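Just so it is clear, the model here is predicted, and its values are computed rather than measured.
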Amino acid sequence: MSLPLQIGITGGIGSGKSVVCKLFSCLGIPVYNADSRAKWLTNHNQQIINRVVALLGRDSYDAEGRYNTSYVSSLVFNNDDLLKKLNAIIHPVVMQDTADWVQNHATSPYVVKEAAIMNKAGDRNSLDYVVVVEAPLELRVSRILQRDKRSEDEIRAIVKRQVSDEDRKKVADFLINNDEESALIPQVLKLHDICKMGDRSI
């Protein structure tokens with residue numbers, strides 16, 4: 001059974017990658033949000049739960065069995081070795097979950113995977129193309145201030161920790177400009193027309 005074209009969509013915080021993914025969803029294209037799915041699996045996959053508790057202790061989950069993000073972050077934030085071990089527990093399960101999801105949507109002309117961090121297509125992933133959503137930094141900060149209960153300093157600190165715009169562009173096969181001056185929908189429709197052909201040699 002042939003698999004659909006797999007399109008990765010990424011972008012910095014506030015770039016609007018989730019809005020772009022919603023537009024693809026409105027076009028009937030299946031969308032997999034890797035970050036939210038990883039959170040769900042961390043809370044519900046027993047294999048992950050058992051191994052995280054073994055690695056980081058029972059406080060990794062609260063009394064209701066929910067993943068204790070703040071506690072885990074405090075342990076791994078400045079401990080690269082521990083972070084690598086944690087990722088080695090979670091990432092393979094997410095990758096298998098993604099593969100199963102793609103199989104379940106084999107009749108779609110293409111599928112979209114949304115993630116904050118993404119390698120170039122074919123570099124340790126099954127992506128055929130990577131789409132980077134970009135927007136000016138000040139606009140991104142303004143959007144997040146309106147959306148989240150975060151201070152401007154917190155937002156700028158997050159931006160600094162993320163991949164730079166320049167490095168993100170290096171992995172891009174396509175760019176979508178979401179600067180609120182360039183019309184967004186025509187850019188998505190153009191990409192949709194390209195991807196629904198299922199051509200892996202663009």
Side-chain angles (χ1 to χ4, degrees), residues 6-27 29-43 66-80 82-84 86-87 90-91 94-95 97-98 101 111-121 123-125 127 129-188 191:
Q6 298 179 50
I7 310 300
I9 294 187
T10 191
I13 185 171
S15 62
K17 61 183 179 297
S18 294
V19 173
V20 170
C21 286
K22 284 177 184 174
L23 290 173
F24 279 107
S25 184
C26 288
L27 292 168
I29 301 303
V31 176
Y32 183 96
N33 186 306
D35 299 326
S36 64
R37 187 62 181 163
K39 289 176 185 175
W40 188 92
L41 289 166
T42 303
N43 277 285
R66 293 171 301 199
Y67 187 63
N68 190 341
T69 305
S70 58
Y71 171 78
V72 172
S73 297
S74 71
L75 294 179
V76 304
F77 187 74
N78 289 313
N79 190 325
D80 287 343
L82 210 52
L83 179 60
K84 285 177 183 176
L86 179 64
N87 287 338
I90 297 172
H91 287 178
V94 175
M95 287 178 67
D97 185 73
T98 308
W101 178 86
V111 296
V112 166
K113 301 177 187 178
E114 176 189 355
I117 300 172
M118 199 166 280
N119 291 342
K120 195 169 181 64
D123 180 7
R124 289 172 291 166
N125 60 42
L127 299 174
Y129 300 110
V130 170
V131 178
V132 171
V133 182
E134 57 179 2
L137 176 59
E138 296 309 315
L139 176 57
R140 290 162 55 195
V141 171
S142 174
R143 285 173 179 163
I144 305 159
L145 281 170
Q146 294 175 39
R147 184 189 74 191
D148 297 351
K149 292 179 180 177
R150 286 187 171 120
S151 70
E152 184 170 338
D153 286 344
E154 286 178 300
I155 295 165
R156 292 187 184 278
I158 292 170
V159 170
K160 281 186 178 180
R161 289 199 301 269
Q162 289 191 327
V163 176
S164 70
D165 291 343
E166 292 75 20
D167 286 341
R168 203 176 283 112
K169 283 183 180 181
K170 290 176 184 176
V171 308
D173 297 293
F174 301 97
L175 291 172
I176 288 183
N177 192 335
N178 189 24
D179 61 2
E180 298 184 2
E181 293 182 11
S182 308
L184 186 59
I185 291 176
Q187 295 180 75
V188 172
L191 193 53

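If you take OG on S15 and CG on L137, they are separated by 11.5 Å, rounding to the nearest 0.5 Å. How far CD of Q187 is from CZ of F174: 12.5 Å, rounded to the nearest 0.5 Å. Considering CG of D35 and CD1 of I117, their distance stands at 7.5 Å, rounded to 0.5 Å. Here the CD1 atom belonging to I29 is positioned 9.5 Å from the CD1 atom belonging to I7, to the nearest 0.5 angstrom. In this structure, N78 CG and L83 CG are separated by 10.5 Å, a value rounded to the nearest 0.5 Å. Here the NZ atom belonging to K149 is positioned 12.5 Å from the CD atom belonging to E154, to the nearest 0.5 angstrom.
With N178 contributing its side chain and A135 its backbone, the two residues share no donor-acceptor pair below 3.5 Å. Of the possible donor and acceptor atoms, one in the side chain of D173 sits under 3.5 Å from a partner among the backbone N and O of V130. The backbone N or O of Y32 lies less than 3.5 Å from no partner atom in the side chain of R37, so there is not a single donor-acceptor pair. Under the 3.5 Å distance criterion, the side-chain polar atoms of K17 are matched with a main-chain donor or acceptor of G11. Between the T10 side chain and the V132 main chain, no donor and acceptor come within less than 3.5 Å of each other. With hydrogens and angles ignored, the 3.5 Å screen pairs no side-chain donor or acceptor of S25 with any backbone N or O of C21. S142 places no side-chain N or O within 3.5 Å of a backbone atom of E138 that could act as its donor or acceptor partner. Between the side chain of Q162 and the backbone N or O of I158, no donor-acceptor pair lies under 3.5 Å.
Residue K120 places its NZ atom among more than 12 non-hydrogen atoms of other residues, nucleotides or ligands, all under 6.0 Å distant. Within a 6.0 Å sphere centred on CZ of R150, other residues, nucleotides and ligands contribute 12 heavy atoms or fewer.
Between K169 and E134 there is a salt bridge, since at least one side-chain N of the basic residue sits less than 4.0 Å from a carboxylate O of the acidic one. Ion pairing of K170 with D167 is present here, as a side-chain N (NZ or NE/NH1/NH2) and a carboxylate O approach within less than 4.0 Å. With respect to the salt-bridge test (charged N to carboxylate O, under 4.0 angstrom), the residues R140 and D165 qualify.
Side chains of L86 and L82 form no contact here, defined as non-hydrogen atoms less than 4.5 Å apart.
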Determine, step by step, whether V188 and L27 satisfy the side-chain contact (heavy atoms from CB on, under 4.5 Å) criterion, reporting the C-alpha distance in whole Å, the side-chain angles of both residues, the deciding distance to 0.1 Å, and the verdict. CA-CA 10 Å; V188 172; L27 292 168; 4.1 Å; yes
Apply the test side-chain contact (heavy atoms from CB on, under 4.5 Å) to residues I144 and R147: give CA-CA distance (whole Å), side-chain angles for both, the deciding distance (0.1 Å), then the verdict. CA-CA 5 Å; I144 305 159; R147 184 189 74 191; 4.1 Å; yes
Under the side-chain contact (heavy atoms from CB on, under 4.5 Å) rule, what do V159 and I13 come out as? Steps first, then yes or no, please. CA-CA 7 Å; V159 170; I13 185 171; 3.7 Å; yes
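Tested against V20, the residues L191, V112, L184 include a single side chain to side chain contact (heavy atoms under 4.5 Å, CB included) partner, L184.
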